[in-house]
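Basis for what follows: all heavy atoms, side chains included, without hydrogens, waters or symmetry-related copies. All ligand and atom numbering here is 1-based and tracks the order in the structure.
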Amino acid sequence: MNVIVAGGSGFLGRHVVEELARRGHRLTVLARGTRTTPDTHDGNVETIACDVAAGDLPIERLRGADAIVNLIGIKRDTAAQTFQQVHVDAVRQLIELARQISARRFVHVSVVAARPDERHAYHDTKWQAEQLFKESGLDVTILRPGVIYGPGDDMITHLVKMIRFVPLFPVVGAGSSILQPVHVHDVARCVAETLARPETIGATLEVVGPEPMQLREVVRTVATATGLKLWIVPTPIWFQRVSVWLMNRLCSNPLSTPAQLQMLIDGMAGDPRPVDEQLGVRPEPFRVETVAELQRGIPPLFGFSLRLLGGSGYPERKGQ
Ligand SMILES: NC(=O)c1ccc[n+]([C@@H]2O[C@H](COP(=O)([O-])OP(=O)(O)OC[C@H]3O[C@@H](n4cnc5c(N)ncnc54)[C@H](OP(=O)(O)O)[C@@H]3O)[C@@H](O)[C@H]2O)c1
């Protein structure tokens, strides 16, 4: 198939591009171009720099596409881009594009946390996008992942940086919210399998790991993978909100955003069975061994560690 991958240069996008190219599809990646997308697929991946939310779409170059995968998203509102622009306006533009180039098939990646919610624009705009697709009359399948981990992710990268920086981890509340982390390879496989299965048109499928885990268990698994001692300290939610708000005011790449914090407070759980039954994908469990592999290349937070005893967990500092 000729597939347009909107947002194909991001964390999930790169893995989706890899998976679709491996299966022999010809791909056109649409992204503004803030990150590079090296074509390692014998010329089968073309990248076009464009702002989809602004409707800056090269229609003529996109004719001939059979399907569109939408992975465009942001984690926080900025002066440059709001949730409304990126999650809702961009979807309107893609639906219009699909009509103009007669590409009826869509795979839209939403999030398990999508819901109508005036207080939380991330959740609300992801939900609005789902409604636009459901009303579009196009051949749409919606995938709703939980928190995704894997090479280049936010979750393990940020946890490992914090754990190596200090031996105390301020967990959200009691750390009892439920997560089902799902490996990015499994999410990419779900996208590819969805495209291959027209019988999934009209379905909304949750894409989550097989085991519900408390947030503190997730943190403990990552700490075990680093080989470092960690005291997990419950902290009030108001304290977390203030810290994340400050981080977002002061840092260009904060460790967490208000939208991500809200998902940790609420949990991100789902049902893994429909994806197994309808796509034949059984996501792998969240294992210490996998995290131990992933944590190797992660650079230090601020370039140093405040751990005084027992090392910082950086292999290079242990002389390995
Ligand atoms: N990561 C997770 O744990 C997770 C969990 C559940 C659901 N999701 C959903 O999965 C999708 C992908 O997430 P991700 O983590 O891969 O995000 P990401 O790394 O931030 O990637 C976002 C992609 O969207 C592109 N983009 C942003 N604004 C754009 C615009 N105006 N026009 C064109 N392209 C634009 C980005 O490229 P440019 O910046 O160059 O434009 C990038 O390619 C999102 O919809 C997200 O909500 C993610």
Among all the protein's non-hydrogen atoms, which is closest to atom 12 (C) of ligand 1, and how far away is it?
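Atom 12 (C) of ligand 1 sits closest to the protein heavy atom Leu71 O, 3.2 Å.
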
Just to confirm my output: which protein heavy-atom neighbour is closest to atom 35 (C) of ligand 1, and how far is it?
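For atom 35 (C) of ligand 1, the nearest protein heavy atom is Ile72 CG2, 3.8 Å.
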
With distance as the sole criterion, is a donor-acceptor pair present between the side chains of [X] and [Y] under 3.5 Å?
X	Y	result
Ser136	Arg99	no
Gln278	Thr200	no
Asn2	Arg26	yes
Arg76	Gln260	no
Asp266	Gln262	yes

Indicate, as side chain, backbone, both or neither, the part of Lys126 found under 4.0 angstrom from ligand 1 when only non-hydrogen atoms are considered.
side chain

Atoms in ligand 1 flagged as close to Ala53, the criterion being non-hydrogen separation under 4.0 Å:
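Ligand 1 atoms under the 4.0 Å threshold to Ala53: 31 (N).
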
Against heavy atoms of Asp51, which atoms of ligand 1 measure under 4.0 Å?
30 (C), 31 (N), 32 (N)

[X] N/O to ligand 1 N/O under 3.5 Å:
X	answer
Val86	no
Gly10	yes
Tyr122	yes
Ala31	no
Met268	no

So, does Gln85 sit close enough to ligand 1 that a heavy atom of it is under 4.0 Å from the ligand?
no

Tell me, please: is Cys50 in heavy-atom contact with ligand 1, that is, under 4.0 Å?
yes

Kindly assign one of parallel, tilted or perpendicular to the pair Phe83 and His87, based on the angle between their ring planes and the thresholds 30° and 60°.
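Parallel, since the angle between the ring planes stays under 30°.
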
Heavy atoms only: which of Ser9, Ala113, Ala6, Ser110 lies closest to atom 7 (C) of ligand 1?
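Among Ser9, Ala113, Ala6, Ser110, the closest heavy atom to atom 7 (C) of ligand 1 belongs to Ser110.
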
Hits for ring pair (Phe, Tyr, Trp, His ring centres under 6.0 Å) against His108, two or more places apart or cross-chain, chain-then-number order -> Phe133

